[in-house]
J.: 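I am attaching a structure below and will ask some questions about it afterwards.
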Amino acid sequence: MEIQVGKQSLAFAEAPYIISSASIVGKKEGEGPLGNRFDVVGEDDKFGQNTWEEAESTLQKEAFTLAVGKAGLKTEDIRYLFSGDLLGQNIATSFGLMDYQVPLFGLYGACSTCGEALSLGAMCVAAGYADYIVAMTSSHFASAEKQFRFPLEYANQRPKSATWTVTGSGAYVLGKKRSKARITGITTGKIVDYGIKDSMNMGAAMAPAASDVICRHLSDFGRNVTDYDKIITGDLGKVGQEILWDLTRTGGYDISSIHTDCGIEIYDADKQGTGAGGSGCGCAAVTLSAHFMRQIEEGKWKRILFVPTGALLSTVSFNEGMTVPGIAHAVVIEHAG
């Protein structure tokens, strides 16, 4: 069996398993439609810490511990960590995980980081470089607002196209130990830039990258939309979803009947005032763990395409008038009965 498939994809002859996963979220996420499915819901969004950044590091620390424990493993069993976040120099990751002393690959794919971590972790296990790895990421509403937009005290009004950064961390243990879900293939995305300059409309910025990688994936693998029970994007929200559907139709695929988005699923936008939906590294990570993995593990779905999406901007690039490029990574997750 060929490992390299098409122009951007890999198919794993020895598909690594998702042995366990864990999700920890903040109070607002716990009040949403998926609230009773997360492993841990914090009542204090600072999680007992003094700063928002320390709180986000605590999210990663707790998610790692919980995922490894659910897998029946110890910290020393983990060969590598693949993790990242939205903050400058990945400080939520470095300060959150350094005490574990597990070799770390620090990643930055913006809100697509969960897909990047799962892809690289799956490659590592499939190639025999590790028996067990942890792929994870996090985001925090307050730390993201502080870095990318306005201090919370400013109380700025948000346009309807804006998404709400999820406070949460999701962690996944991958390995060769048999479980009920496995990663059978990946398609690595390219940077796609449609010239969007509105930092409050991340869905529009990321949708072209999502469309590009989904169409490339289906072409590389020679599959149709109907070969999947669900195609799940990470952070497009309602605005980005409509753009994605239009773009994929232009590419020759109509995904509207089987598509959903983690940012739409995690909040009740009307009741919770979250605009177009959720976003942030933690959005896709916790929603996959708490909600979609159950469908795969129970065999209700046989195959899904998980496509976290990221907007590659910084305060520097935005303030200098540059565009907001997007990127997305596709991960094939299948039931392993």
Side-chain angles (χ1 to χ4, degrees), residues 12 14-25 29 34 36-42 58-84 93 96-97 99-105 107 113-126 129-138 166 168-184 186 232 234 262 266 281-304 306 308 331-337:
F12 300 121
E14 297 291 334
Y17 291 91
I18 301 177
I19 300 169
S20 70
S21 70
S23 58
I24 177 171
V25 299
E29 292 70 28
L34 308 180
N36 62 350
R37 302 184 185 184
F38 300 114
D39 290 310
V40 178
V41 176
T58 298
L59 285 171
Q60 289 217 21
K61 185 180 299 184
E62 297 297 329
F64 173 87
T65 300
L66 188 54
V68 172
K70 288 170 73 173
L73 300 173
K74 298 179 181 178
T75 299
E76 51 266 33
D77 295 322
I78 306 303
R79 178 79 172 186
Y80 295 118
L81 259 166
F82 295 84
S83 185
T93 296
L97 301 176
D99 288 343
Y100 293 115
Q101 289 296 288
V102 176
L104 169 71
F105 290 96
L107 310 178
T113 298
C114 184
E116 183 179 3
L118 287 171
S119 295
L120 292 170
M123 291 167 64
C124 185
V125 173
Y129 300 143
D131 292 328
Y132 302 105
I133 67 93
V134 171
M136 60 184 300
T137 187
S138 69
V166 166
S169 178
Y172 299 80
V173 177
L174 306 187
K176 294 185 177 181
K177 178 182 176 182
R178 190 171 182 86
S179 70
K180 295 181 179 179
R182 59 183 183 173
I183 296 175
T184 59
I186 62 171
I232 304 161
C262 297
I266 196 168
C281 295
C283 179
V286 301
T287 307
L288 174 66
S289 172
H291 182 44
F292 295 118
M293 284 299 299
R294 293 190 182 190
Q295 315 302 317
I296 285 289
E297 290 170 347
E298 293 173 3
K300 295 178 180 178
W301 295 343
K302 300 302 182 183
R303 179 190 289 154
I304 63 172
F306 176 57
V331 181
V332 185
I333 304 175
E334 297 188 16
H335 174 67

J.: Within a 6.0 Å radius of atom NZ on K180, are there more than 12 heavy atoms belonging to other residues, nucleotides or ligands?
T.: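 Incorrect, the count does not exceed 12.
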J.: For S179 and Y17, indicate whether the former's side chain and the latter's backbone hold a donor-acceptor pair under 3.5 Å.
T.: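 Not a single qualifying donor-acceptor pair exists.
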J.: Look only at the side chain of H335 and the backbone of W301, and say whether a donor-acceptor pair between them is shorter than 3.5 Å.
T.: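 Absent.
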J.: Please answer whether the main-chain N or O of I19 pairs with a side-chain N or O of Y132 as donor and acceptor at a distance below 3.5 Å.
T.: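 No; zero donor-acceptor contacts below 3.5 Å.
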J.: Between T137 and C114 (side chain of the first, backbone of the second, donor and acceptor by atom type, cut-off under 3.5 Å), is there such a pair?
T.: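 No; judged by distance alone, with no hydrogens or angles, the pair does not exist.
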J.: Are more than 12 heavy atoms, taken from residues, nucleotides or ligands other than R79, located less than 6.0 Å from that residue's CZ atom?
T.: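 No, because the 6.0 Å sphere around CZ of R79 holds 12 heavy atoms or fewer from other groups.
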J.: Answer yes or no: is there an ion pair linking K70 with D39, defined by an N-O contact shorter than 4.0 Å?
T.: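 D39 and K70: salt-bridged.
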J.: Please report the shortest heavy-atom distance between G121 and F82, naming the atom on each side.
T.: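 Scanning both residues, the minimum pair turns out to be CA-CE1, 3.8 Å.
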J.: Taking the side chain as everything from C-beta on, heavy atoms only, tell me whether I333 gets closer than 4.5 Å to I18.
T.: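 Answer yes - side chains close enough.
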J.: Take S138 and Q60 through the test side-chain hydrogen bond (donor to acceptor under 3.5 Å, both in side chains) and record every step on the way to the result.
T.: CA-CA 6 Å; S138 69; Q60 289 217 21; 2.9 Å; yes
J.: So does A285 get a backbone contact from the side chain of Y172, meaning a donor-acceptor N/O pair under 3.5 Å?
T.: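 Yes; judged by distance alone, with no hydrogens or angles, the pair exists.
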J.: Determine the sole option in D99, V102, V134 for which the side-chain contact (heavy atoms from CB on, under 4.5 Å) test with T75 is passed.
T.: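 That would be V102; it is the only one of D99, V102, V134 passing the side-chain contact (heavy atoms from CB on, under 4.5 Å) with T75.
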J.: Start with the C-alpha distance between F306 and F292, add both sets of side-chain angles, then the distance that settles ring pair (Phe, Tyr, Trp, His ring centres under 6.0 Å), and finish with yes or no.
T.: CA-CA 10 Å; F306 176 57; F292 295 118; 7.9 Å; no
J.: Just verifying a value: how many Å separate L34 CG and S289 OG, rounded to the nearest 0.5 Å?
T.: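 Between L34 CG and S289 OG, I get 11.0 Å after rounding to 0.5 Å.
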J.: Hey, would you say the Y80 and F105 ring centroids sit under 6.0 Å apart?
T.: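 Y80 vs F105: aromatic centres under 6.0 Å.
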